Protein chains: 2
Amino acid sequence: MRLSDGVEWGVHACSLLAVLPTGSALPAAKLAEFHGVPSAYMAKHLQSLARAGILETVKGPRGGYRLARPPAAVTLLDVVEAIDGAEPAFRCSEIRRRGPAAAPAREYRGLCGINRAFLRADEAWRAELRAVTIADMALTAARDAPPSGVDKAARWLREAVR
Amino acid sequence: MRLSDGVEWGVHACSLLAVLPTGSALPAAKLAEFHGVPSAYMAKHLQSLARAGILETVKGPRGGYRLARPPAAVTLLDVVEAIDGAEPAFRCSEIRRRGPAAAPAREYRGLCGINRAFLRADEAWRAELRAVTIADMALTAARDAPPSGVDKAARWLREAVR
DNA sequence: GTCCCTATACTCGGATAGCAAGTGTCCGAGTATAGGCGG
DNA sequence: CCGCCTATACTCGGACACTTGCTATCCGAGTATAGGGAC
């Protein structure tokens with residue numbers, strides 16, 4: 001089981017957009033450059049985020065992406081589901097209804113017990129991600145990063161958003 | 001993000017092995033037949049479970065697989081990690097250290113905040129799966145299944161383990 | 001009748017193809033801007 | 001000097017190859033068993 005790399009990029013991108021001056025936007029190419037990742041692929045994931053209503057797009061010159069909501073109103077789960085999809089990791093194929101011991105399908109009531117257990121685990125995972133917001137991530141990143149890094153980032157941002 | 005299908009098969013297989021008479025074993029082909037899945041592929045996952053010490057193998061005629069521990073001592077997490085691997089779903093590629101705002105690598109102390117958040121979620125997921133055992137699953141399956149299905153399964157098992 | 005030996009058939013185990021989803025890239029559609037032109 | 005128009009360049013957006021890892025399968029190595037033969 002592996003989460004798409006795009007999720008990591010998406011969270012980082014949103015965290016950077018969270019500290020953007022109000023009203024301004026950052027194009028995909030700049031976001032990719034800042035994180036040192038391929039521009040075209042970053043753009044793909046930003047599109048997913050925009051489609052999900054997390055980012056809003058500004059077209060034309062001086063356009064780009066910006067957060068569509070306050071950073072504190074965007075959870076990690078929002079980003080994960082936008083990029084990776086909202087389906088649970090465990091997908092029950094109802095194999096209990098197959099094989100020689102199977103009963104008629106209509107006699108099975110409720111979900112398979114195994115499925116229920118995995119859905120509970122999935123919900124616990126989601127709850128944890130729902131409790132963390134992009135605002136938290138931006139703050140943590142600023143707090144944890146080396147001072148020289150924060151400084152360079154601020155300088156770069158001023159130049160990029162010009 | 002998607003969990004391997006083999007995990008579902010593995011849990012079902014272990015649940016069936018949990019109700020096996022003590023000392024007997026069930027070959028991969030029979031386990032596959034019972035669940036209506038391809039025999040060779042089921043065998044592959046059973047091998048993973050055996051390698052992880054969850055199942056033990058009995059070679060030769062009347063051989064097969066059986067649980068290596070009491071069903072209550074095998075958790076869903078054990079099965080998941082045996083088949084799907086134990087690595088966390090989110091893998092941090094440290095992109096914070098790349099790009100124009102990066103500081104020298106040695107200045108970064110501790111894990112990336114985003115990574116920490118995802119690891120917390122991962123741990124919550126694991127804790128939930130660690131709390132459920134194969135014994136629970138076998139019991140639940142027997143309780144939830146239609147009576148006719150339980151009956152057919154018992155009959156089939158008696159015949160298969162012969 | 002009992003013990004031993006051998007051939008058998010059945011089991012697991014790892015090495016081998018096929019396929020789907022994620023990874024990475026490109027070019028076209030649309031638009032705010034900047035400059036030039038006319039009034 | 002001011003307002004309008006047009007051309008421009010910059011942006012996103014979806015459609016197109018490629019690679020990795022999961023899916024599915026096969027045949028070989030090893031062993032408990034069952035049957036036959038000797039004592």
Side-chain angles (χ1 to χ4, degrees), chain A residues 1-10 13 17 23-33 35-66 68 80 82-85 87 89-91 93 95 160-162, chain B residues 1-10 13 17 23-33 35-66 68 80 82-85 87 89-91 93 95 160-162:
Chain A
M1 186 182 58
R2 206 182 135 198
L3 215 48
S4 163
D5 291 348
V7 170
E8 184 183 7
W9 300 10
L17 291 177
S24 52
L26 211 53
K30 290 285 182 187
L31 277 165
E33 179 195 339
H35 294 104
V37 297
S39 163
Y41 196 29
M42 171 62 98
K44 184 184 181 68
H45 296 307
L46 293 173
Q47 283 166 32
S48 298
L49 291 169
R51 218 176 298 134
I54 295 172
L55 301 184
E56 63 184 16
T57 65
V58 180
K59 291 200 160 187
R62 298 182 56 82
Y65 292 94
R66 71 177 144 208
V80 168
I83 293 178
D84 204 69
E87 292 188 24
F90 182 88
R91 234 159 303 170
S93 62
I95 67 178
V161 85
R162 184 174 303 271
Chain B
M1 187 182 55
R2 205 181 136 198
L3 216 46
S4 162
D5 290 349
V7 170
E8 183 182 7
W9 301 11
L17 291 177
S24 52
L26 211 53
K30 289 285 182 187
L31 276 164
E33 178 195 339
H35 294 104
V37 298
S39 164
Y41 195 30
M42 170 62 97
K44 183 183 183 67
H45 297 305
L46 294 172
Q47 283 166 33
S48 297
L49 291 169
R51 218 175 298 133
I54 295 173
L55 301 184
E56 63 184 16
T57 65
V58 181
K59 290 199 160 187
R62 299 182 55 80
Y65 293 94
R66 71 178 144 210
V80 168
I83 293 178
D84 204 68
E87 292 188 25
F90 182 88
R91 235 160 303 173
S93 61
I95 67 178
V161 87
R162 182 174 303 274

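The figures here come from the full heavy-atom set of this structure, side chains too, leaving out hydrogens, waters and symmetry mates. Below, read A as the first sequence line, B as the second, and so on, with proteins coming before strands; counting in each chain starts at 1. A quick note: this is a predicted structure, and the numbers were derived from the prediction, not measured.
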**OP:** Considering non-hydrogen atoms only, spot the tightest contact between A29(A) and S39(A) and give its length.
**Re:** CA-OG, 3.8 Å

Original post:
With nearest nucleotides of DNA chain C determined for S4(A) and A43(A) from heavy-atom distances, which residue corresponds to the more 5′ nucleotide?
Top reply: S4(A)

**OP:** Return no unless some side-chain N or O of T57(A) is found under 4.0 Å from OP1 or OP2 of dT11(D).
**Re:** no

Subject >> Proximity to the side chain of K59(A) - top-ranked nucleotide from dC12(D), dG14(D), dT23(D) >> reply: dC12(D)

Original post:
Using a cut-off of less than 4.0 Å, is there contact between a side-chain N or O of Y65(A) and OP1 or OP2 of dG13(D)?
Top reply: yes

Subject >> Heavy-atom pair of closest approach, residues R62(A) and V161(A) >> reply: NH2-O, 4.2 Å

Original post:
dT11(D), dC10(C), dC12(C): which one has an atom nearest the side-chain heavy atoms of P61(B)?
Top reply: dC10(C)

**OP:** Assign each of M1(A) and M42(B) to its nearest nucleotide of DNA chain D by heavy atoms, then name whichever residue's nucleotide is nearer the 5' end.
**Re:** M1(A)

Subject >> Nearest-Å distance for atom pair NE2/P, residues H45(A) and dG14(D) >> reply: 15 Å

Subject >> Closest listed nucleotide, where the reference is the side chain of Y41(B) and the choices are dG24(C), dG14(C), dA24(D) >> reply: dA24(D)

Subject >> Among dG13(D), dA15(C), dG21(D), the nucleotide that comes nearest once only the side chain of R2(A) is considered >> reply: dG21(D)

Original post:
When the distance from CD of E56(B) to P of dG13(C) is rounded to whole Å, what number comes out?
Top reply: 11 Å

**OP:** Write down the distance between CZ (R62(A)) and P (dG30(C)), rounded to a whole number of angstrom.
**Re:** 24 Å

Original post:
What is the distance from CD1 of I95(A) to C1' of dT23(D), rounded to the nearest Å?
Top reply: 15 Å

Original post:
When you check the phosphate oxygens OP1 and OP2 of dG14(C), does a side-chain N or O of R51(B) lie under 4.0 Å from one of them?
Top reply: yes

Original post:
Could you walk me through whether L17(B) and L31(B) pass the side chain to side chain contact (heavy atoms under 4.5 Å, CB included) check?
Top reply: CA-CA 9 Å; L17(B) 291 177; L31(B) 276 164; 4.3 Å; yes

**OP:** Write down the atom of I83(A), the atom of G10(A), and the distance for their closest heavy-atom approach.
**Re:** CD1-CA, 3.9 Å

**OP:** For V37(A) and M42(A), work out which heavy atoms get closest and say how close.
**Re:** CG2-CE, 3.9 Å

**OP:** Give the rounded distance in Å between these two atoms: CD of Q47(A) and P of dT11(D).
**Re:** 14 Å

Original post:
Out of dT25(D), dC12(D), dT23(C), which nucleotide sits closest to the side chain of P38(B)?
Top reply: dT25(D)

Original post:
Between K44(B) (NZ) and dC27(D) (P), how many Å, whole number?
Top reply: 16 Å

Original post:
Rounded to the Å, how far apart are E8(B) CD and dA24(D) P?
Top reply: 12 Å

**OP:** Would you mind reading off the distance between K30(B) atom NZ and dT11(C) atom P, rounded to a whole angstrom?
**Re:** 8 Å

Original post:
Is A28(A) touching bases, backbone alone, or none of the nucleic acid, heavy atoms closer than 4.0 Å?
Top reply: sugar-phosphate

